[in-house]
Structure formats: C-alpha cells, structure tokens
There are 2 protein chains.
Amino acid sequence: MNIGQAAKASGVSAKMIRYYEQIKLITPAGRTDSNYRSFSEREVNELRFIRRARSLGFSVEEIAHLLSLWRDRVRPSREVKAIADGHVQTLEAKIVEMQAMADTLRALSRDCAGDERPDCPILADLGSGQPPRREPAPARGFR
Amino acid sequence: MNIGQAAKASGVSAKMIRYYEQIKLITPAGRTDSNYRSFSEREVNELRFIRRARSLGFSVEEIAHLLSLWRDRVRPSREVKAIADGHVQTLEAKIVEMQAMADTLRALSRDCAGDERPDCPILADLGSGQPPRREPAPARGFR
DNA sequence: TTGCGGCTTCCCATCATGGGAAGGTCAAGG
DNA sequence: CCTTGACCTTCCCATGATGGGAAGCCGCAA
C-alpha cells in the first residue's frame with residue numbers, strides 16, 4: 001500500500017502523512033526498492049486513529065500521548081481520561097470565550113439599523129476605547 | 001508619544017503595532033530625527049479600535065474593512081452590520097463544532113472508569129475507524 | 001562619560017495544513 | 001521497446017497573529 005492508497009483508506013492526506021512522519025508522530029513507513037513508502041494495515045489503522053482524534057480537536061501533542069497509551073496494553077484508563085477531560089476543559093473555555101464575543105456582537109448588531117445611514121453602535125463601541133470588556137457589573141443575585 | 005507609550009496607552013503590544021504597520025493595517029507612524037516612531041492621539045485611538053475589534057474575534061482583514069468604514073463619515077451602517085453579522089455566523093459555526101466535539105468527548109469520558117484498568121471507551125472510539133462522526137440518527141421527534 | 005532602558009531592524013518559532021516545482025517510477029497501450 | 005499519464009519523492013513557501021531574541025543605535029540621568 002503506497003501513500004496515496006493509505007491516504008484514501010485512512011482519510012489523512014498524503015501531505016499530512018509525510019508531516020506526521022517527519023514530526024515523529026508515527027514511525028517512518030517502510031520503503032520499497034524505488035523509495036516509495038509502504039504502509040501496512042496496522043499503520044493505516046494508526047492513521048485512522050489520528051484522523052479521528054484530530055476531528056475531536058486533539059492537538060498533535062495530545063495525540064502522541066493518546067497513541068502511546070493506545071499501544072500500551074497495560075495503560076491505566078485514568079491517563080486517557082485525564083487527557084480527554086483536559087481537552088474538554090480547553091474546548092469549554094474557548095466556547096465560553098466565543099459565546100461572549102457572539103453575545104456582545106449580537107447585542108450591538110441588534111441596535112444597528114443596517115441601512116444607508118452612517119450611525120452605527122457597532123463602530124461606536126469599537127471606537128469608544130472600551131477596555132477589553134470586563135463584565136458590566138455581574139448582576140448580584142447569581143451567587 | 002513613542003511606541004512604548006502608545007502600546008501602554010492602547011493595550012496593543014509594540015510588536016503588534018509594528019506588525020500592523022508592516023501589513024498596512026495602519027498608516028506608518030511618523031518618525032523622529034532619530035528614527036523613532038511617533039504616535040498622535042488619533043493613531044492611538046485607531047490602535048484601541050483594533051484592540052477592541054481583535055478582542056471580539058475579528059480578523060485583521062475584517063478590521064481593515066471596519067477601520068475604513070469608521071473613517072468614512074458617510075458609510076452605510078448596513079455594511080458595518082454585514083461584517084458583524086458575518087463574523088457572528090463564523091463564531092456560531094465554530095461554537096457548534098466545538099460543542100459537538102465536547103459532547104462526544106464528555107459521553108466517552110463518562111463511560112471511562114478512569115482507574116488503573118486499561119479498558120477505555122475513549123481509546124476504543126478512536127481506534128474503531130469511526131468515520132468523522134455523522135450524527136448517530138438524529139432521533140426524530142425534535143422537530 | 002557611563003550606564004540603563006527603550007528604540008530600531010531582522011530572523012526565527014509557533015500549529016496544522018496546503019500549494020507547487022523538479023525529478024524519479026510504474027503500468028498500460030501502442 | 002517506448003511513450004504517456006498518474007503516481008511518488010524531496011524541498012521550499014505560505015497561511016494568521018503573536019512572541020522571543022539578537023545586534024546595534026539613542027536618550028536621559030547621575
């Protein structure tokens with residue numbers, strides 16, 4: 001199986017396969033006499049693992065760790081769970097951040113006429129020298 | 001006002017100010033005899049505008065557009081709103097995507113013992129050759 | 001005058017991905 | 001046996017926004 005077939009079979013582009021090999025995420029594939037890479041079914045499975053992990057947002061570094069645990073028959077599931085939970089936290093933090101951005105923008109956009117006139121609360125906000133948006137007094141009562 | 005003071009006053013690092021100048025997001029600041037950049041209050045205000053826009057997640061390209069509208073006294077607010085709404089959509093799409101990742105991972109993690117034993121549904125999923133996760137039959141009844 | 005802190009430019013690194021060039025290889029069909 | 005087209009190889013470059021750091025110039029204070 002050469003790189004194109006491995007790419008199709010795994011869903012990882014040939015470019016990325018070479019890259020993963022270069023950064024030592026995967027062990028270098030064998031080579032044919034003519035220097036073509038040759039992939040075994042096992043290696044294709046690793047590529048599928050990587051593609052799936054990437055699609056869940058894991059970084060390459062995290063995937064390196066996950067792969068080593070996957071290969072380790074006596075890994076403690078505690079370690080796997082820790083990586084997953086850590087990543088979930090990262091995701092949640094980003095989601096919260098983006099949600100805040102979107103909420104602010106929706107509020108500004110709601111009050112913008114969106115017609116031919118130049119008046120615009122969005123530009124007014126951006127130009128107002130607003131500090132990085134600290135919560136506008138968190139409405140005592142949520143605690 | 002030299003670059004350090006402008007940085008403090010605007011909240012944009014000196015590094016970034018030079019970068020914004022280089023990519024022509026802002027007009028090159030004037031120079032003193034000794035080649036130091038010199039910033040006016042007006043330029044500092046532009047930097048604050050940029051910092052605020054960045055904090056709302058706008059790309060530099062979008063900010064270039066927003067800045068030109070800001071400077072244009074007869075802009076149609078429609079254009080500003082379009083940029084903002086477009087960005088909100090981008091944010092929402094990313095949020096949905098990350099939410100899906102987090103949901104999947106939380107479900108997998110929930111079923112993982114997280115102890116010394118090697119059995120782990122997280123690794124099982126990653127190693128299962130799962131295709132990029134199409135919804136597992138969307139449970140008719142939510143419409 | 002010395003010394004420290006700030007300024008200048010220039011280069012490098014990040015993270016994961018793609019584009020493209022130049023050249024070698026393989027298989028099918030003439 | 002040779003051509004052709006599709007594949008493979010390596011190498012370099014670009015992305016977006018940011019920071020780190022080196023080498024060298026400048027300005028102010030003691």
Side-chain angles (χ1 to χ4, degrees), chain A residues 1-26 28-39 43-44 46-47 49-67 86-87 90-91 94 97-98 101 132, chain B residues 1-26 28-39 43-44 46-47 49-67 86-87 90-91 94 97-98 101 132:
Chain A
M1 220 173 183
N2 56 25
I3 203 171
Q5 301 170 299
K8 237 175 238 169
S10 67
V12 177
S13 75
K15 278 275 187 191
M16 279 302 105
I17 295 176
R18 294 194 194 98
Y19 173 69
Y20 292 150
E21 180 180 307
Q22 190 202 318
I23 65 173
K24 290 170 190 162
L25 179 60
I26 57 182
R31 300 290 183 129
T32 67
D33 288 351
S34 54
N35 204 31
Y36 281 22
R37 285 179 184 78
S38 175
F39 296 83
E43 289 167 309
V44 171
E46 289 207 1
L47 290 171
F49 182 102
I50 292 169
R51 187 217 42 184
R52 173 71 176 141
R54 286 291 301 138
S55 82
L56 289 174
F58 286 105
S59 69
V60 165
E61 196 177 356
E62 288 165 328
I63 295 173
H65 198 168
L66 288 169
L67 267 177
H87 181 48
T90 302
L91 286 169
K94 286 186 189 164
E97 192 189 349
M98 300 180 89
M101 293 175 179
Chain B
M1 222 171 181
N2 56 25
I3 203 172
Q5 301 170 302
K8 238 173 237 170
S10 67
V12 177
S13 75
K15 278 274 188 193
M16 279 302 104
I17 295 176
R18 296 194 193 98
Y19 173 69
Y20 292 151
E21 181 180 306
Q22 188 201 320
I23 64 173
K24 290 170 190 160
L25 179 61
I26 56 182
R31 298 290 182 131
T32 67
D33 288 350
S34 52
N35 203 31
Y36 281 22
R37 285 178 184 79
S38 175
F39 296 83
E43 289 168 308
V44 171
E46 289 208 3
L47 290 171
F49 181 103
I50 292 169
R51 186 217 43 184
R52 172 72 175 142
R54 286 292 301 137
S55 82
L56 289 174
F58 286 106
S59 70
V60 163
E61 197 178 356
E62 288 165 329
I63 295 174
H65 197 166
L66 289 169
L67 267 177
H87 180 49
T90 303
L91 286 169
K94 286 186 189 165
E97 192 189 350
M98 300 179 88
M101 292 175 179

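Chain letters run A, B, ... following the sequence lines, proteins first, then strands; residues in each count from 1.
A/N2 is listed as a side-chain neighbour of A/Q5, based on a closest heavy-atom distance under 4.5 Å. Contact annotation: the side chain of B/Y19 never approaches that of B/L25 to less than 4.5 Å [non-hydrogen atoms, C-beta and beyond]. Looking at heavy atoms from C-beta onward, B/R37 lies in side-chain contact with B/R18 at the 4.5 angstrom threshold.
B/Q22 has its CD atom 11 Å from the P atom of D/dT15, to the nearest Å. Atom CD1 in B/I17 sits roughly 12 Å away from atom C1' in C/dC7 (whole-Å rounding). B/R18 has its CZ atom 19 Å from the P atom of D/dA17, to the nearest Å. For B/K15 and D/dG16, the NZ to C1' distance is 16 Å, given to the nearest whole Å. If you measure from atom CG of A/D33 to atom P of C/dT25, you get 11 Å, rounded to the nearest angstrom. When the C1' atom of D/dT18 is taken as reference, atom CD1 of B/I63 falls 14 Å away, rounded to whole Å. Rounded to an integer number of Å, the gap from A/E21 CD to D/dC8 C1' is 13 Å.
Residues A/L47 and A/A6 approach most closely at CD1-CB, 4.5 Å, considering heavy atoms. The minimum heavy-atom distance linking A/Y20 with A/V12 is given by the pair CE1-CG1, 3.8 Å. Closest heavy-atom contact between A/F39 and A/I3: CE1-CA, 3.6 Å. Closest approach of A/M1 and A/A9 over heavy atoms only: CE-CB, 3.6 Å. For the residue pair B/S38 and B/T32, the shortest heavy atom distance occurs at CB-CG2, 4.3 Å.
In terms of phosphate contacts, B/R37 brings no side-chain nitrogen or oxygen within less than 4.0 Å of OP1 or OP2 of C/dC7. The phosphate of C/dG24 (OP1 or OP2) has no side-chain N or O of A/R31 nearer than 4.0 angstrom. Note on B/S34: a side-chain N or O is less than 4.0 Å away from OP1 or OP2 of D/dG27. Between B/S13 and D/dT18, a side-chain N or O to OP1/OP2 separation shorter than 4.0 Å is absent.
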- With Watson-Crick and G-U wobble geometry limited to distances under 3.5 Å, how should the secondary structure of DNA chain C be encoded in dot-bracket form, using | for bases paired to another strand and [ ] for crossing pairs? ||||||||||||||||||||||||||||||
Dump the pairs, protein N or O against N or O of nucleotides 5-7 of chain D, anything under 3.5 Å, distances to one decimal.
residue	atom	partner	partner atom	Å
D/dC7	O2	A/Y36	OH	3.4

Can you check nucleotides 12-16 of chain C for protein contacts, nitrogen or oxygen pairs under 3.5 Å, and list what you find?
residue	atom	partner	partner atom	Å
C/dA16	OP1	A/V60	N	2.8
C/dA16	O3'	A/R54	NH2	3.0

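Around CD of B/E61, the count of heavy atoms belonging to other residues, nucleotides or ligands within 6.0 Å does not exceed 12.
A donor-acceptor pair is defined here as one N or O able to donate and one able to accept, closer than 3.5 Å; such a pair exists between the side chain of B/H87 and the backbone of B/L56.
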- Steps toward side-chain contact (heavy atoms from CB on, under 4.5 Å) verdict (A/R54, A/I63): CA-CA 8 Å; A/R54 286 291 301 138; A/I63 295 173; 3.5 Å; yes
